[in-house]
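Worksheet: one structure, shown below.
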Amino acid sequence: MAASLRLCGAASGLRYWSRWQPPAVANLTAVCSRSTASKTPFGFIGVGNMGNPMAKNLMKHGYPLIIYDVFPDACKEFIDAGEQVVSSPADVAEKADRIITMLPTSISAIEAYSGANGILKKVKKGSLLIDSSTIDPMVSKELAKEVEKMGAVFMDAPVSGGVGAAQSGNLTFMVGGVEEEFAAAQELLGCMGSNVVYCGAVGTGQAAKICNNLLLAISMIGTAKAMNPGIRLGLDPKFLAKILNMSSGRCWSSDTYNPVPGVMDGVPSANNYQGRFGTTLMAKDLELAQDSATSTKSPILLGSQAHQIYRLMCAKGYSKKDFSSVFQFLREEETF
């Protein structure tokens, strides 16, 4: 497989698909709207905070599902909706030749694919396996090798956009794998996301996601640190956010997911930081970024500091809160 993988980076340009591109490309959305009768069952493993709405969007586009989650309670509403729930990843692979996995850690992904009751125990030749977890790129590469031995295809396709984008079907998918299989992945991923980007060989999707979350963590901390002194200097937080968002400090953390309670509706800071993208997951992604930086000899001083902040948050009771709770954490920790 290695010889057939071609990296599409700065020199060759990214292969990119969006719902909002010209008709010839956007017609993939029409593919997602065919009747259920024209579609074979699609396997989905991991229906937690992100996987749940992703699977539901596949259902809305007419795909019958074969569902598995390590926590049976997570599957209840799919049973109620008439979808088939099975008892292991292997059972999913036995019944479906297209499977997406959405899991929290590298260890979870390894277990789902290579465990005693993993996908590889019953995977069919020619199956398309898409992993949307955020995991170590090296793990993705190793899984791809194991999948290839079974005559199937593996692609890594981590997502960006959070629970809100998962619910609305506006995720961004960063896809790594055999380029010839990208079109097959588009049909499915386009039902869950508005942007599907081909990044190159297996592992490059994970690399893109890790870099994105590294920047996200730093910008969220930066937004929190900018808002804190502004509020203490007497500025109304809504007014300060308005100024930032029409100025050069504007970023996603300030204009879409502001961490200050009372500034925006419909974000975790407006609901006591109840989880969307948990602090534990951000700490995990920053650890992946740290490991990747070490292996590539890339200094990431701000990334290292961000990692330490989120690890400290986990140790001080913030592990289940949304990662934007860094505003509250820093406000409580700062002493004058």
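Just so it is clear, the structure is predicted and the values come from calculations on it, not from any experiment.
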Inset, instruction - Can you run down the ring pair (Phe, Tyr, Trp, His ring centres under 6.0 Å) pairs that involve residues 72-105, sequence neighbours left out, and say none if there aren't any? - result: none
Legend entry - T172 and N195: CA distance, side-chain angles, deciding distance, side chain to side chain donor-acceptor pair (under 3.5 Å) verdict: CA-CA 5 Å; T172 291; N195 302 303; 3.2 Å; yes
Inset, instruction - Could you tell me whether the side chain of M282 reaches within less than 4.5 Å of the side chain of L216, counting heavy atoms only? - result: yes
Legend entry - For A184, side-chain contact (heavy atoms from CB on, under 4.5 Å) partners two or more places apart: L128, E181
Inset, instruction - Find out whether V86 and I66 are in side-chain contact, i.e. whether some heavy atom of one side chain is under 4.5 Å from a heavy atom of the other. - result: yes
Inset, instruction - Could you verify whether a donor N or O on one side chain and an acceptor N or O on the other, from D285 and N213, lie under 3.5 Å apart? - result: yes
Legend entry - Heavy-atom donor-acceptor pair, S325 side chain to K321 backbone, under 3.5 Å: no
Legend entry - Summary of side-chain hydrogen bond (donor to acceptor under 3.5 Å, both in side chains) pairs that have at least one residue in residues 257-271, sequence neighbours excluded: Y257-D322
Legend entry - Check: F323 main-chain N/O paired with Y310 side-chain donor or acceptor under 3.5 Å: yes
Inset, instruction - Write down the atom of M59, the atom of A81, and the distance for their closest heavy-atom approach. - result: CE-CB, 3.8 Å
Legend entry - Contacts of K316 that satisfy side-chain contact (heavy atoms from CB on, under 4.5 Å) - sequence neighbours left out: L312, F329, E333
Legend entry - Ionic contact status for E77 with K56, cut-off 4.0 Å: yes
Inset, instruction - Check the side chains of R276 and S324 for a donor-acceptor pair under 3.5 angstrom, ignoring hydrogens and angles. - result: no
Legend entry - S140 (side chain) donor-acceptor with G203 (main chain) under 3.5 angstrom: no
Inset, instruction - List in chain and number order the residues that pass side-chain contact (heavy atoms from CB on, under 4.5 Å) with T256, two or more places apart in sequence or in another chain; answer none if no residue qualifies. - result: W252
Inset, instruction - Quick one: list whatever passes salt bridge (charged side-chain N to carboxylate O under 4.0 Å, His left out) with K121, sequence neighbours left out. - result: none
Inset, instruction - Mind jotting down which residue pairs meet the salt bridge (charged side-chain N to carboxylate O under 4.0 Å, His left out) criterion with at least one end in residues 149-171? Sequence neighbours excluded, please. - result: E146-K149
Inset, instruction - Could you list the residues that satisfy side-chain contact (heavy atoms from CB on, under 4.5 Å) with L281, not counting sequence neighbours? - result: P104, F277, K284
Atom pairs and distances, donor-acceptor, side-chain atoms in residues 234-242, under 3.5 Å, two or more places apart:
| unit_1 | atom_1 | unit_2 | atom_2 | d |
| --- | --- | --- | --- | --- |
| D236 | OD2 | K238 | N | 3.0 |
| D236 | OD2 | F239 | N | 3.1 |

Legend entry - Donor-acceptor pair, side chain of S132 and main chain of A157, under 3.5 angstrom: yes
Inset, instruction - State plainly whether one hydrophobic cluster holds both M174 and I135, where clusters connect Ile, Leu, Val, Met, Phe, Trp and Tyr through side-chain heavy atoms under 4.5 angstrom apart. - result: no
Legend entry - Check: S106/D136 side-chain N/O donor and acceptor closer than 3.5 Å: no
Legend entry - Atom CZ of R331 with >12 non-hydrogen neighbours under 6.0 angstrom: yes
Inset, instruction - Scan residues 121-142 for pairs that pass ring pair (Phe, Tyr, Trp, His ring centres under 6.0 Å), counting only residues two or more places apart or in two chains. - result: none
Legend entry - Residue pair M227 / F327: nearest heavy atoms and the distance that separates them: CB-CE1, 4.1 Å
Legend entry - Backbone N/O of P259 and side chain of Y273: donor-acceptor pair under 3.5 Å: yes
Legend entry - Check: A166 main-chain N/O paired with N57 side-chain donor or acceptor under 3.5 Å: yes
Inset, instruction - Evaluate the criterion salt bridge (charged side-chain N to carboxylate O under 4.0 Å, His left out) for residue pair D97 and K124; output intermediate values, then yes/no. - result: CA-CA 6 Å; D97 60 11; K124 303 172 185 176; 5.7 Å; no
Legend entry - Backbone N/O of S108 and side chain of T105: donor-acceptor pair under 3.5 Å: yes
Inset, instruction - Hey, could you give me each pair passing ring pair (Phe, Tyr, Trp, His ring centres under 6.0 Å) that has a residue in residues 102-144? Not counting sequence neighbours. - result: Y113-F154
Inset, instruction - Please lay out, stage by stage, how D291 and T294 fare under the test side chain to side chain donor-acceptor pair (under 3.5 Å). - result: CA-CA 5 Å; D291 291 344; T294 299; 5.5 Å; no
Inset, instruction - State, yes or no, whether a side-chain contact exists between L214 and Q290 at a heavy-atom distance under 4.5 Å. - result: no
Inset, instruction - Apply the test side chain to side chain donor-acceptor pair (under 3.5 Å) to residues Q206 and T134: give CA-CA distance (whole Å), side-chain angles for both, the deciding distance (0.1 Å), then the verdict. - result: CA-CA 6 Å; Q206 297 294 350; T134 299; 4.8 Å; no
Inset, instruction - For the pair K76 and D80, evaluate salt bridge (charged side-chain N to carboxylate O under 4.0 Å, His left out) and give the outcome as yes or no after the intermediate values. - result: CA-CA 6 Å; K76 185 178 184 304; D80 294 342; 3.1 Å; yes
Inset, instruction - Check the side chains of E332 and Y318 for a donor-acceptor pair under 3.5 angstrom, ignoring hydrogens and angles. - result: yes
Inset, instruction - State yes or no: do V85 and F44 share one hydrophobic cluster built from I, L, V, M, F, W and Y residues joined by side-chain heavy-atom distances below 4.5 Å, directly or via other members? - result: yes
Inset, instruction - Would you name the heavy atoms of Y63 and C191 that are closest together and state the gap between them? - result: CE1-SG, 3.9 Å
Legend entry - Lys/Arg N to Asp/Glu carboxylate O, E148 vs K145, below 4.0 Å: no
Legend entry - Members besides I210 in its Ile/Leu/Val/Met/Phe/Trp/Tyr cluster (side-chain heavy atoms under 4.5 Å): L288
Legend entry - Shortest non-hydrogen contact from Y68 toward P89: CE2-CD, 3.6 Å
